[in-house]
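Let me begin by presenting the structure, written as structure tokens, before commenting on it.
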Amino acid sequence: MTLSLNSRNIERFRQQIFDFYQLNRRSFPWRETTDRYAVMVSEIMLQQTQADRVVGKFLAWMDTFPDTETLASATLREVLILWSGLGYNSRGQRLQNCAKVIMERFDGVVPARPEQLITLPGIGEYTCRSIPVFADNLDVAAVDTNIRRIIIHEFSLSEDTPKREIQSVAELLLAKGRSREWHNALMDYGSINLTSRRTGIRSLTKQSKFQGSKRWYRGRLLKELVASESLFVEELEEKYGDCPWGLQGIIDGLVREGLVDEDEGLNGQGRVLRIREE
DNA sequence: ATCCTGCCGC
DNA sequence: GCGGCTGGAT
């Protein structure tokens with residue numbers, strides 16, 4: 001039975017969420033700033049990553065790359081060193097590419113509107129909304145995995161409810177004028193009180209196992225490359241001889257995504273891998 | 001084994 | 001729409 005979305009139920013729901021938030025709010029460094037660049041950094045880092053694991057990385061990043069200009073002029077190696085441990089390394093590269101595009105096309109200022117933000121690399125349907133929500137208190141609904149789960153559970157919707165329906169419910173529920181607070185409250189309610197484990201509502205993204213997977217080898221290889229100037233493919237072939245897909249397939253993927261360069265070594269010493277340099 | 005403030009290319 | 005992409009925590 002779907003709880004009807006009349007104004008009385010909506011108001012009751014908002015009160016319930018804000019009451020919870022008052023007693024249980026989590027504290028994060030990105031909640032202490034409205035700088036749009038800082039919010040963008042945190043939102044990219046938080047994609048598919050538990051908030052607690054992001055705190056240290058976020059602080060170190062803001063220490064080293066305090067603004068778009070600093071980030072845009074860094075090397076990819078510096079970026080990946082600071083990103084190391086967060087996972088999904090392409091996010092780090094895309095964040096830097098964001099900074100480069102912002103320097104060229106937006107005069108160094110992170111754009112404020114979702115339609116502009118979504119044109120940037122690594123920023124999609126969720127993040128293009130969440131940045132203006134948390135930086136500018138914009139009245140739009142940003143639906144992440146927490147908020148999707150809350151809406152499905154509280155209003156007894158089916159787990160395969162289309163995204164656009166969840167989105168319109170989220171827009172109905174939005175506490176206008178308090179968008180930032182509202183989204184923070186929902187996040188905390190979802191991750192503390194209404195967990196996936198507790199509700200049994202499955203995540204939308206299904207992931208295969210990591211240990212021994214293609215991504216696992218890829219992560220190990222990239223970490224080695226970040227730690228050294230360059231590596232010979234030939235030596236790596238021996239070291240990763242147990243890789244079921246063959247090392248070359250992993251290398252091709254890294255090259256295709258622009259994280260790694262593969263060139264001929266000097267004096268015909270075989271092929272060499274290194275983190276991409278401009 | 002499953003999830004976490006998703007995005008991208010196909 | 002679907003598979004690939006990380007790594008740490010529970």
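Note: hydrogens, waters and symmetry copies are ignored here, and every other heavy atom, side chains too, is used. We name chains A, B, ... by the order of the sequence lines, and we start the count at 1 in each one.
For Glu165(A), the CD atom sits in a packed shell: over 12 heavy atoms of surrounding residues, nucleotides or ligands are nearer than 6.0 Å. Around atom CD of Gln16(A), more than 12 heavy atoms belonging to other residues, nucleotides or ligands sit under 6.0 Å away.
Applying the side chain to side chain donor-acceptor pair (under 3.5 Å) criterion to Ser90(A), with sequence neighbours excluded, gives Glu257(A). Listed by chain and number, the residues in a ring pair (Phe, Tyr, Trp, His ring centres under 6.0 Å) with Phe106(A) amount to none (sequence neighbours excluded). Phe58(A) pairs by the ring pair (Phe, Tyr, Trp, His ring centres under 6.0 Å) definition with Trp30(A), not counting sequence neighbours. Evaluation of the salt bridge (charged side-chain N to carboxylate O under 4.0 Å, His left out) rule for Arg129(A) yields Glu125(A) as partners, not counting sequence neighbours. In this structure, Tyr126(A) has no ring pair (Phe, Tyr, Trp, His ring centres under 6.0 Å) partners at least two apart in sequence or on a different chain. With sequence neighbours left out, Thr205(A) forms a side-chain contact (heavy atoms from CB on, under 4.5 Å) with Gln48(A), Ser203(A), Gln207(A).
Spacing between dT5(B) and dG4(C) at atom P, rounded to whole Å, works out to 24 Å.
Non-hydrogen atoms lying under 4.0 Å from DNA chain C are contributed by nothing in residues 15-42 of chain A. Against DNA chain B, the stretch residues 118-131 of chain A makes heavy-atom approaches under 4.0 Å through Leu120(A), Pro121(A), Gly122(A), Ile123(A), Gly124(A), Glu125(A), Tyr126(A), Thr127(A). Annotation: proximity of residues 44-60 of chain A to DNA chain B (heavy atom, distance under 4.0 Å) is found for Leu46(A), Gln47(A), Gln48(A), Thr49(A), Gln50(A), Ala51(A), numbered in ascending order. Interface residues of residues 196-204 of chain A facing DNA chain B, ordered by number: Ser196(A), Arg202(A), Ser203(A); criterion, heavy-atom separation under 4.0 Å. Shown for residues 142-151 of chain A: residues whose heavy atoms fall under 4.0 angstrom of DNA chain B, namely Asp144(A), Thr145(A), Asn146(A), Arg149(A).
Heavy-atom minimum distance, Val79(A) versus Ala74(A): CG2-CB, 4.3 Å. Shortest non-hydrogen contact noted between Arg53(A) and Gly85(A) is NH1-O, 3.3 Å.
The separation between Arg215(A) atom CZ and dG3(C) atom P is 13 Å, rounded to whole Å. In this structure, Trp216(A) places its CH2 atom 15 Å from P of dC5(C), rounding to the nearest Å. Atom CD1 of Ile166(A) and atom P of dT5(B) are 18 Å apart (whole Å). The CZ-P distance, from Arg91(A) to dT5(B), rounds to 11 Å in whole Å. Across the protein-nucleic acid pair, Trp83(A) atom CH2 and dC7(B) atom P stand 12 Å apart, rounded to whole Å. Here dT5(B) presents its C1' atom at 15 Å from NZ of Lys163(A), a figure rounded to the nearest Å. Between the P atom of dC4(B) and the CG atom of Leu186(A) lies a distance of 15 Å, rounded to the nearest Å. When the C1' atom of dG3(C) is taken as reference, atom CZ of Arg256(A) falls 13 Å away, rounded to whole Å.
Note that Arg26(A) lies outside the cation-pi zone of Tyr21(A), set by a 6.0 Å cut-off to the ring centre and a 45° limit from the axis.
Remark: Asp188(A) engages Arg31(A) in a salt bridge, criterion side-chain N to carboxylate O under 4.0 Å. The pair Arg36(A)-Asp136(A) meets the salt-bridge criterion, with a side-chain N (NZ, NE, NH1 or NH2) lying under 4.0 Å from an Asp/Glu carboxylate O.
Residue Arg94(A) is classed as a sugar-phosphate contact, given heavy-atom separations below 4.0 Å to backbone atoms only. Among the heavy atoms of the strands lying under 4.0 Å from Lys206(A) are primed sugar atoms or P, OP1, OP2 only; no base atom is included.
Screening residues 96-105 of chain A for side-chain hydrogen bond (donor to acceptor under 3.5 Å, both in side chains) gives Lys100(A)-Glu278(A) as the qualifying pairs, with residues at least two apart or on separate chains.
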